[in-house]
Each structure stands twice: as C-alpha cells, then as structure tokens.
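What follows is one structure encoded as structure tokens, with my remarks underneath.
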Amino acid sequence: MTPLTIALSKGRILDETLPLLAAAGLVPDEDLSTSRKLIVATNRPNISLVVLRATDVPTYVQYGAADVGVAGKDVLLEHGGAGLYQPLDLGIGRCRLMVATRLGYDWTASVQRGGRIRVATKYVRIAREHFAAKSMHVDLIKLYGSMELAPLLGLADAIVDLVSTGNTLKANDLVAVEDIMPITARLIVNPGALKLKRDSVKPLLDALAAVANIASAAA
Ligand code: PRT
Ligand code: MG
C-alpha cells in the first residue's frame, strides 16, 4: 500500500475526528493530545497523521505535503479551496456562521440607513461575499481571535463568527442578527494523490463515507 499522510485540525474538530477515524479502523499509536511528536504513526503501517493549526490544513493538502485532510467548511471557504477535492461532509464540528451585535444595537435600522457599518471578523473573505451579495457597504476589520470583544469595546458594530451553543454570545450580551450558513468539517484530498495513490486513498474514503453517514444520521 502506498504511504499516506492525513492532516488533522487541532482543537475542537480533533476530538470529533478521532472517533470517526477509529470507527473507520484507523487508530494513532500515541495519544495525540499529549504527544510531542509531529508525525504520528497509526495501526495501519502505511498511514501517518499530522495535527495542524486548522487554517494550515488546506495548505498542506493543496501542495500535496499531506494527501488527505480534515478541515472546517469555514476554513475551506476562507482558503478558497483551490487545488482541493472535497468528496465528503463528515458531519462533525457542526456550527453556524452568523452576524452578531450587542444586545440593543438596531442592526436592521443601521442596514436600512445605508451608512457604513464596521464588522470585525477572522472570516474576511466569507463576510465580504455575504455583504456584497446583499449590496451592503461594510468596513471589514480583520481579527485573529476573540471576535466577541470587538463590539463590546467599540472596535466594530458587528462581528461575523461561528456559533454553536450560543453561550459565548449570551455571556457577552451579544445577539445573532443574521445567519450566514451552516458549517461542518469536510474531508479534503489532494487531486494528484487521489490519482496516484488510489489504492490507499479510495479504501480510506469509502470507510470514512460509511461512518460519516452513520454519524450524520445520528446528529
Ligand atoms: O486556535 P485557532 O485560532 O486556530 O482556532 P480556534 O481555537 O478558534 O478553534 P479550534 O481550533 O478549536 O477549531 C476551529 C474549528 O472548529 C473551526 O474552523 C470550525 O470549523 C469548528 N468549530 C465548530 C468551531 C466552533 N464550532 C465554535 N463554536 N470553532 C470555533 N467556535 C468558537 C466560536 O468562534 C466562538 O468563539 O466557539 C465560540 C462559540 O461557541 P458557543 O458554543 O459558545 O456558541
Ligand atoms: Mg485554538
């Protein structure tokens, strides 16, 4: 079997990815949350795992440094998806991309007034497309984390961020005012690897498709 490298996203997606991989028969040789190793072998002699910052996963797969990856749709849209085959919705890392403001801020009135609105986000590309599609003029401010703080300190009128339970918004007196899209994690594959390493890639895709369907049906 041809050697395969799978790039996994660190953080909350990883916790949901490992059970999926295990259900597909793939188990790391070490505990990924404590191991200092950057490349971890698995029970399959030809398959190794790397755990990356979520935003770096598409880049590794695009250039073929990793053959297969797991990344959030948010990360893929922001990356652009060039050079990536996206065959499978894994049904994990489920959340929604939303526009949120401070409680009491009249978003609808601001939008109708047509003045410029400041929106802070890590998702500049998605936000630009969302507001352009609605012919809204917004000034986007790029942030790298803690978006929720921006409206509280007056950096921005609104944020574009991921929401899952809604607890973070609630705890900070923020409220969702627009729903942009649902987000889940996707399997991504380097197109060259799909051709040249088909003997290894195809069985992995089939196994993950089977377990992802079960996971999605249960959700
Ligand atoms: O460390 P880094 O800056 O790279 O990312 P991170 O720490 O913000 O997130 P990480 O690494 O844990 O995982 C990021 C990926 O998980 C995203 O790309 C999504 O695809 C997926 N995901 C799913 C989420 C959430 N749900 C989510 N709720 N990523 C982030 N959040 C954050 C959100 O930004 C907000 O701050 O959780 C907060 C809201 O959660 P609730 O439950 O309070 O609504
Ligand atoms: Mg993190």
Side-chain angles (χ1 to χ4, degrees), residues 4-28 31-33 40 42-44 47-62 66-100 121-123 125-127 129-130 160-169 176 178-191 193-194 197-198 200-219:
L4 271 193
T5 302
I6 306 179
L8 304 181
S9 293
K10 251 181 216 167
R12 71 189 78 212
I13 289 182
L14 185 63
D15 302 334
E16 292 183 68
T17 304
L18 293 176
L20 266 190
L21 291 180
L26 189 67
V27 181
D31 182 346
L32 294 179
S33 54
V40 174
T42 69
N43 62 327
R44 306 277 194 84
I47 301 186
S48 51
L49 302 176
V50 291
V51 182
L52 305 176
R53 183 84 185 258
T55 42
D56 289 335
V57 169
T59 309
Y60 273 77
V61 176
Q62 170 187 11
D67 303 295
V68 175
V70 174
K73 183 180 176 186
D74 52 322
V75 167
L76 291 170
L77 288 173
E78 221 34 49
H79 167 272
L84 296 174
Y85 173 54
Q86 301 184 28
L88 193 58
D89 181 346
L90 293 171
I92 58 173
R94 217 173 265 281
C95 57
R96 305 194 71 86
L97 252 175
M98 303 191 106
V99 182
T121 188
K122 172 157 125 176
Y123 303 104
R125 185 172 185 158
I126 301 172
E129 279 173 22
H130 172 73
V160 167
D161 195 8
L162 301 172
V163 178
S164 41
T165 61
N167 289 339
T168 307
L169 292 183
E178 283 185 29
D179 190 344
I180 300 181
M181 68 176 82
I183 298 290
T184 47
R186 312 294 162 113
L187 195 74
I188 56 175
V189 183
N190 176 278
L194 185 62
K197 302 185 174 185
R198 196 173 177 83
S200 295
V201 173
K202 189 62 170 52
L204 178 70
L205 291 193
D206 291 344
L208 283 172
V211 296
N213 274 333
I214 296 165
S216 290

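Just the heavy atoms: all of them, side chains too, but no hydrogens, waters or symmetry mates, feed the values below. Quick note: residue numbers are just sequence positions, from 1.
The distance from atom CZ of R198 to atom CG of L204, rounded to the nearest 0.5 Å, is 12.5 Å. The distance from the OG1 atom of T55 to the NZ atom of K122 is 7.0 Å, given to the nearest 0.5 Å. In this structure, CD on E129 lies 8.0 Å from CG on L77, to the nearest 0.5 angstrom. Here the CG atom belonging to L162 is positioned 11.5 Å from the CZ atom belonging to R96, to the nearest 0.5 angstrom. The NZ atom of K73 lies 14.5 Å from the CD1 atom of I188; values are rounded to the nearest 0.5 Å. To the nearest 0.5 Å, atom CZ of residue R44 and atom CG of residue L49 are 11.0 Å apart.
Of the possible donor and acceptor atoms, none in the side chain of N190 sits under 3.5 Å from a partner among the backbone N and O of A66. Checking side-chain atoms of T42 against main-chain N and O of L26 turns up no donor-acceptor pair under 3.5 Å. No donor-acceptor pair closer than 3.5 Å links the side chain of S164 to the backbone N or O of C95.
Two residues are said to be in side-chain contact when any heavy atoms from C-beta on lie closer than 4.5 Å; D74 and E78 fail this criterion. Using a 4.5 Å heavy-atom threshold, the side chains of L90 and T184 count as separate. The closest side-chain heavy-atom distance from L205 to L88 is not below 4.5 Å. In this structure, D161 and T168 have side chains that are not in contact, with every pair of non-hydrogen atoms separated by 4.5 Å or more. The side-chain heavy atoms of V57 and V70, taken from C-beta on, include no pair separated by under 4.5 Å. Two residues are said to be in side-chain contact when any heavy atoms from C-beta on lie closer than 4.5 Å; H130 and L97 fail this criterion.
A pairwise comparison of heavy atoms in N43 and G25 identifies ND2-O, 3.0 Å as the closest pair. Across every non-hydrogen atom of A127 and V160, the tightest pair is CB-CG2, 4.0 Å. The two residues R125 and H79 make their nearest non-hydrogen contact at NH1-O, 3.5 Å. Closest approach of Q62 to L84, counting heavy atoms only: N-CD2, 3.5 Å. Nearest heavy-atom pair across V75 and P58 is CG1-CG, 3.7 Å.
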Run the side-chain contact (heavy atoms from CB on, under 4.5 Å) test on L208 and V68 for me, step by step, so that the C-alpha distance in whole Å, both residues' side-chain angles and the decisive distance to 0.1 Å come before the verdict.
CA-CA 12 Å; L208 283 172; V68 175; 5.6 Å; no

Would you list the atom pairs, donor with acceptor, under 3.5 Å between side chains in residues 12-24 and any protein atom, with sequence neighbours excluded?
from	atom 1	to	atom 2	distance (Å)
E16	OE1	G93	N	3.4
E16	OE2	G93	N	3.3
T17	OG1	I13	O	2.8

